[in-house]
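Predicted model, so just to flag it, every value in this text is computed and none were measured. Note that these values count all heavy atoms, side chains included, but never hydrogens, waters or copies made by symmetry. Within every chain, numbering begins at 1; the chains are lettered A, B, ... in the order of the sequence lines, protein sequences first and strands thereafter.
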There are 2 protein chains.
Amino acid sequence: MSTSSLSKIEKQIKLYKHGKVPKELRIAQIVETAKIMFADFGYTNSSMDELAKRVKVSKPVIYELVGSKENLFKILLDEAGKELHENIQTAVDACESLDNKLRSGGLAFFNFVKTHQPLWLALFVNDQGLFNKEINLIREEQAELVANLIFSSNAFTSVTPAYIDGIAHALNGAYEALARWWFEHPDIEATTLANWIVELLLPAISLANQQF
Amino acid sequence: MSTSSLSKIEKQIKLYKHGKVPKELRIAQIVETAKIMFADFGYTNSSMDELAKRVKVSKPVIYELVGSKENLFKILLDEAGKELHENIQTAVDACESLDNKLRSGGLAFFNFVKTHQPLWLALFVNDQGLFNKEINLIREEQAELVANLIFSSNAFTSVTPAYIDGIAHALNGAYEALARWWFEHPDIEATTLANWIVELLLPAISLANQQF
DNA sequence: GATGTAAACTACTAATAGTAGGTTACTTTA
DNA sequence: TAAAGTAACCTACTATTAGTAGTTTACATC
């Protein structure tokens, strides 16, 4: 193991010979280590005992400094959420036209996801491994249904299978998100929601149908 | 408490005086009870001890019949997934035109979510209560960004605030879903993904701009 | 060198997923 | 109808893990 594999924080910690490290630095180390663990194992499968072991400190130190496992996760969520938001905002602001803003903002989002890979999964998707397989299977079924619907007959004939599959998943995600949003706006009718998405999609579909 | 509050399964179980109930019926009772608990408390906060207590049976019986907590959850996921899929398929098949199929399928989805309320949350969204507040906050921020982008200037001027907010969340959900899908199709470029969604949205936006 | 305090420790509790091995009520067979 | 077999169920445990009470140690300051 070369010294260069140590993070800035780890190097700073090595300077304290007898192991007593100032609060702020230790917090940074705990958060950094937890980030790795959550990304690697997910929330449930990351244990505070293991975290303490990695930080080479006893458990009460962890609890004194970050409060609880839940809170630790929230710290990381908050951090990542802020970074994500800033990235997209910057990308959007850098463009003039609406379509370029949209393209650029979307790209910033996907780049964020890519650079943070497993952490993004652990933070924003679900507890890793437990039921993702099953839920993804259901989503796959739903997406297939959507794909057959939208991309049947004459629409979108000149388009790749990957595009069809991807857009079907995207639409499915739009429905899921709208359903979650609905929980906080329960006064709205189900038919209204269904119409909203139809209105959003029909222009694109009509356009595709005209093109053949 | 009136007898009518008992489910079919509970009534059947009452017929067995000495408490020894056939396997199949006991399994049905366990699954039914677990469904209520997961919906009420979420996965993590539902304990197998409590489940055993409610079913009025010892824990090993539960484990003998359904294997594990994870498996129990998967049984419910599978059940709900199948029902959801059938509902939508039926609704789609009942219509002729594309836009009616889309409307009808969407409605079936939202109706499923509504009738199953807390169970849908527990099964498809996330472990209840833990981080939903924080994740929703981040989503709220993202949606606001999207809303400002899409619905700024002259587009969609004749539209309600609820529509704007809802569609912004839907779009945000589309991006999230596409990112998840991307994990299984890593060969695709981020710019491609960004373009896909722009292409899907631009026709609707252009149309809205023409209308004013 | 004595004193205050920040940083850390040992050794627990409580909750909970899962199990080993034994018991009880019902069924079948002679 | 008594013995044998078995399906349903039980008591009493283990292991893991989030979180805590109370104590000790290294260092700075006087």
Side-chain angles (χ1 to χ4, degrees), chain A residues 9-10 12-34 37-38 40-76 122 127-131, chain B residues 9-10 12-34 37-38 40-76 122 127-131:
Chain A
I9 294 166
E10 298 283 353
Q12 275 185 268
I13 285 173
K14 285 234 160 177
L15 303 178
Y16 294 82
K17 287 292 166 193
H18 290 274
K20 293 220 165 175
V21 169
K23 211 174 171 178
E24 298 309 318
L25 189 56
R26 187 109 290 164
I27 291 176
Q29 185 198 19
I30 292 170
V31 170
E32 183 183 56
T33 310
M37 289 182 63
F38 286 141
D40 282 355
F41 314 130
Y43 182 78
T44 305
N45 290 325
S46 298
S47 94
M48 297 300 268
D49 285 279
E50 172 69 16
L51 177 61
K53 199 182 279 175
R54 290 190 180 205
V55 176
K56 289 196 184 81
V57 111
S58 74
K59 223 155 29 125
V61 173
I62 308 271
Y63 279 87
E64 173 68 30
L65 296 180
V66 297
S68 69
K69 191 183 181 184
E70 259 188 63
N71 197 56
L72 189 52
F73 193 82
K74 285 176 187 168
I75 291 170
L76 290 171
D127 212 359
Q128 209 180 37
L130 268 186
F131 306 113
Chain B
I9 293 166
E10 297 284 353
Q12 275 185 268
I13 285 174
K14 285 235 160 176
L15 302 178
Y16 295 81
K17 287 292 165 195
H18 289 276
K20 293 221 166 176
V21 169
K23 210 174 171 179
E24 298 308 318
L25 188 56
R26 191 60 93 193
I27 291 176
Q29 184 198 19
I30 291 170
V31 170
E32 182 183 58
T33 309
M37 288 181 63
F38 285 142
D40 282 355
F41 314 130
Y43 181 78
T44 305
N45 290 325
S46 298
S47 94
M48 297 300 268
D49 284 278
E50 172 69 19
L51 176 60
K53 199 182 279 175
R54 290 188 182 206
V55 176
K56 290 197 185 81
V57 109
S58 74
K59 224 154 32 122
V61 174
I62 307 271
Y63 279 87
E64 173 68 29
L65 296 180
V66 297
S68 69
K69 191 183 180 185
E70 260 188 62
N71 197 57
L72 188 52
F73 193 83
K74 285 176 187 168
I75 291 170
L76 289 171
D127 211 0
Q128 209 179 36
L130 266 187
F131 306 112

Query raised in the report: In terms of side-chain geometry, is the basic nitrogen of A:Lys14 or A:Glu10 positioned less than 4.0 Å from the acidic oxygen of its partner?
Result: no
Requested in this report: Considering just the side-chain nitrogens and oxygens of A:Arg26, establish if one lies under 4.0 Å of OP1 or OP2 belonging to C:dA8.
Outcome: yes
Report summary line: A:Lys74 meets the salt bridge (Lys or Arg N to Asp or Glu O under 4.0 Å) criterion, sequence neighbours left out, with A:Glu70, B:Glu134
Query - Length of the line joining A:Leu65:CG and C:dC9:P, which is rounded to integer Å - result: 11 Å
Query raised in the report: How close or far is atom P of C:dT5 from atom CD of A:Glu64, stated in whole angstroms?
Result: 16 Å
Query raised in the report: Just how far, in rounded Å, is C1' of C:dA17 from CG of B:Asn45?
Result: 15 Å
Query raised in the report: Has the side chain of B:Ser46 got a donor or acceptor atom that lies under 3.5 Å from a matching backbone atom of B:Met37?
Result: yes
Report task. Find which nucleotide of DNA chain D each of B:Lys23 and A:Lys69 is nearest to by heavy atoms, and output the residue with the more 5' nucleotide. Result -> B:Lys23
Query raised in the report: In whole Å, what is the span from the CG atom of B:Asp49 to the P atom of D:dA12?
Result: 15 Å
Requested in this report: Send over the distance from B:Leu51 CG to C:dA15 P, rounded to a whole Å.
Outcome: 18 Å
Query - Reported CG-to-OH distance for the pair B:Leu76 and B:Tyr43, which is rounded to 0.5 angstrom - result: 11.0 Å
Taking only distance into account, with no hydrogens and no angle test, what donor-acceptor pairs under 3.5 Å do side-chain atoms of residues 59-68 of chain B form with protein atoms, sequence neighbours excluded?
| from | atom 1 | to | atom 2 | distance (Å) |
| --- | --- | --- | --- | --- |
| B:Ser68 | OG | B:Asn71 | N | 3.1 |

Requested in this report: Kindly point out which of C:dA8, D:dA8, D:dC10 is positioned nearest to the side chain of B:Ser58?
Outcome: D:dC10
Query raised in the report: What is the distance from CZ of A:Phe73 to P of D:dA18, rounded to the nearest Å?
Result: 14 Å
Report summary line: note: B:Lys56, atom NZ; D:dC10, atom C1'; distance rounded to Å ~ 17 Å
**Report entry** d(CD1, B:Ile62; P, D:dA8) in whole Å
**Finding:** 14 Å
Query - Spatial distance of atom CD1 (A:Ile27) from atom CD1 (A:Ile9) [nearest 0.5 Å] - result: 11.0 Å
Tabulated below should be each protein N or O lying under 3.5 Å from an N or O of nucleotides 19-28 of chain C; please produce it.
| from | atom 1 | to | atom 2 | distance (Å) |
| --- | --- | --- | --- | --- |
| C:dT24 | O2 | B:Lys20 | NZ | 2.4 |

